[in-house]
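For reference, the structure is listed below as structure tokens.
Here is how names work: the chains are called A, B, and so on, in the same order as the sequence lines, proteins then strands, and each is numbered from 1.
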Protein chains: 2
Amino acid sequence: MSGCSINVFVVIFSLHDDALRVLLAPGPGSGWELPGQPLEASESLEACALRAFQEQVNRREVYLEQLYTYGGPQQIPGGRLVSVVYFALIPADAHRLPGGALRWFRVDELPPLLHDHSGIILYALRRLRYKLEYSAVGFELLPSEFTLSELQHTYEVILGEKLDKRNFRRRILEAGIIEETNRRRMHGEGRPARLYRYRLDAVAEVKARRLFP
Amino acid sequence: MSGCSINVFVVIFSLHDDALRVLLAPGPGSGWELPGQPLEASESLEACALRAFQEQVNRREVYLEQLYTYGGPQQIPGGRLVSVVYFALIPADAHRLPGGALRWFRVDELPPLLHDHSGIILYALRRLRYKLEYSAVGFELLPSEFTLSELQHTYEVILGEKLDKRNFRRRILEAGIIEETNRRRMHGEGRPARLYRYRLDAVAEVKARRLFP
DNA sequence: AGAATAGTGTCTCTCAGACATTATTTG
DNA sequence: CAAATAATGTCTGAGAGACACTATTCT
């Protein structure tokens with residue numbers, strides 16, 4: 001076998017303080033980089049990606065999808081480097097404060113990044129926005145029960161634009177991917193909002209639309 | 001560096017004899033498999049993919065896009081195996097008869113395949129059909145000048161359904177991705193058809209929509 | 001009562017799909 | 001002039017986007 005090494009990186013998105021954020025690790029030199037690690041001998045690519053942020057997340061289930069595999073002809077000491085990049089969405093209520101030196105950055109205020117990681121993040125963001133249009137991926141950033149206003153706000157933050165309240169609700173409800181609960185959220189001020197959850201079969205459908213497998 | 005090896009496979013589509021076909025190589029045992037080869041030390045993933053079918057194609061420019069990277073935890077003797085899979089489209093007039101033991105198979109009549117290659121082909125086909133809807137990828141299977149009937153026929157073969165002639169022409173022309181030439185195709189019988197070509201800036205646009213980079 | 005947020009319906013316009021006839025060439 | 005293929009336009013229904021007011025809770 002030729003001397004080669006594979007790194008798995010993850011673009012981890014989450015939503016807090018009214019902004020979409022990415023988790024980054026301090027790089028070896030001055031900049032930052034995506035969290036990642038070398039693929040170990042007997043684990044799958046996906047398992048390796050999960051390791052990259054298991055300490056950041058309380059929940060076991062997260063949305064994880066392969067993004068792209070980079071492998072230019074660059075030589076590194078000891079062999080060549082191939083990077084497999086995933087992207088992940090974790091719900092606002094499920095992540096811990098970053099441990100170690102990791103930090104959350106707003107996607108619109110990224111620090112200087114090593115390698116081509118800023119290009120990769122922009123690509124992941126493009127794909128997230130795109131998927132938001134045709135799949136139900138937005139729910140992956142919310143707790144399991146949420147109000148329609150919260151859901152709309154999630155969409156607005158990711159897309160970077162305001163949406164019409166009535167059209168948004170009509171579209172989401174007609175799509176049949178969420179269902180009412182009997183519960184409501186009281187936040188002290190204003191009329192309490194009904195809580196919704198995504199339907200279990202809708203979750204299955206979203207998984208079926210995943211790129212692969 | 002850990003002992004690991006990377007193979008690059010390509011799902012190569014082309015259109016002839018009224019059917020969408022895939023190029024396959026005889027496997028080590030009894031079944032067939034996708035053409036592919038180990039990644040060499042100082043080449044990019046894409047260059048390795050191009051090597052896989054450079055002898056099948058006259059033209060230098062082909063449509064090539066990364067599909068997915070597989071890397072289960074399976075052990076193979078001497079290390080683990082990661083497979084990067086691309087998919088390629090080559091125009092009907094640009095491919096040679098397969099050299100060596102390679103053969104073209106209709107996608108609806110695949111032979112027994114090794115590994116999970118039949119699943120990979122089905123996934124590539126799904127993606128091709130999907131891309132046909134929102135990008136101009138269909139032109140990549142035709143010669144540089146073509147009639148609208150030929151283009152429609154290409155779409156029909158890939159999608160596996162008949163399309164309405166007037167709606168098809170309206171949609172394609174309104175999309176502004178092709179332009180008339182002054183030439184016509186005479187085929188001895190019936191009224192000669194005007195030849196079209198895709199617009200150069202449309203080609204650029206399609207490239208911009210490519211997944212990455 | 002007032003402040004704050006939740007929730008609801010209509011109209012218009014654009015786009016997609018169904019559909020049949022005329023036009024041009026060859027033998 | 002018959003056979004073969006190319007080329008063309010209209011109608012209708014569904015879905016997307018613009019738009020403003022009422023309802024419920026808390027202090």
Please report, rounded to the nearest Å, how far the [atom2] atom of [N] is from the [atom1] atom of [X].
X	N	atom1	atom2	value
A:Glu150	C:dT5	CD	C1'	12 Å
A:Glu174	D:dA14	CD	C1'	11 Å
B:Glu189	C:dG27	CD	P	8 Å
B:Asn167	D:dC11	CG	P	15 Å
A:Leu173	C:dG9	CG	P	12 Å
B:Leu163	C:dG17	CG	P	10 Å
B:Asp164	C:dA16	CG	C1'	11 Å
A:His153	C:dT5	NE2	C1'	14 Å

message = Taking B:Glu43 first and then B:Arg51, would you say they form a salt bridge - that is, a charged N and a carboxylate O separated by under 4.0 Å?
response = yes
query = Is the closest basic N to carboxylate O distance between A:Arg197 and A:Glu180 below 4.0 Å?
reply = no
message = Of the listed nucleotides (D:dA7, C:dA6, D:dG17), which one gets closest to any side-chain atom of A:Lys165?
response = C:dA6
request  = From the options C:dC19, D:dA7, C:dG7, select the nucleotide whose nearest atom is closest to the side chain of B:Ala193.
outcome  = D:dA7
Determine the contact category for [X]: base if any of its heavy atoms lies under 4.0 Å from a base atom, sugar-phosphate if only primed atoms, P, OP1 or OP2 are that close, otherwise nothing.
X	value
B:Arg169	base
B:Arg185	nothing
A:Ser149	sugar-phosphate

key: Residue whose closest nucleotide on DNA chain D lies nearer the 5' end, B:Arg194 versus B:Gly190   = B:Gly190
query = Under the 3.5 Å rule, do the base of C:dA20 and the side chain of B:Arg166 count as making a donor-acceptor pair?
reply = yes
inquiry  = Looking at the base of D:dG17, is there any donor atom on it, or on the side chain of A:Arg170, that sits under 3.5 Å from an acceptor on the other one?
reply    = yes
inquiry  = Looking only at side-chain N and O atoms, does B:Arg127 offer a donor or acceptor that is under 3.5 Å from a partner on B:Tyr123?
reply    = yes
ask   = Pick from B:Val84, B:Ile120, B:Val10: which one makes a side-chain contact (heavy atoms from CB on, under 4.5 Å) with B:Leu67?
value =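 Of all the options given, the one that passes is B:Ile120.
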request  = Sort out for me which residue in B:Leu23, B:Val22, B:Leu125 forms a side-chain contact (heavy atoms from CB on, under 4.5 Å) with B:Val11.
outcome  = B:Val22
message = With a 4.0 Å limit, can you tell me whether B:Arg184 has a side-chain N or O closer than that to the phosphate oxygens OP1/OP2 of D:dA6?
response =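 No, because none of the side-chain N or O atoms of B:Arg184 sits under 4.0 Å from OP1 or OP2 of D:dA6.
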inquiry  = Does a side-chain N or O of A:Arg191 approach OP1 or OP2 of D:dT22 to a distance below 4.0 Å, or not?
reply    = no
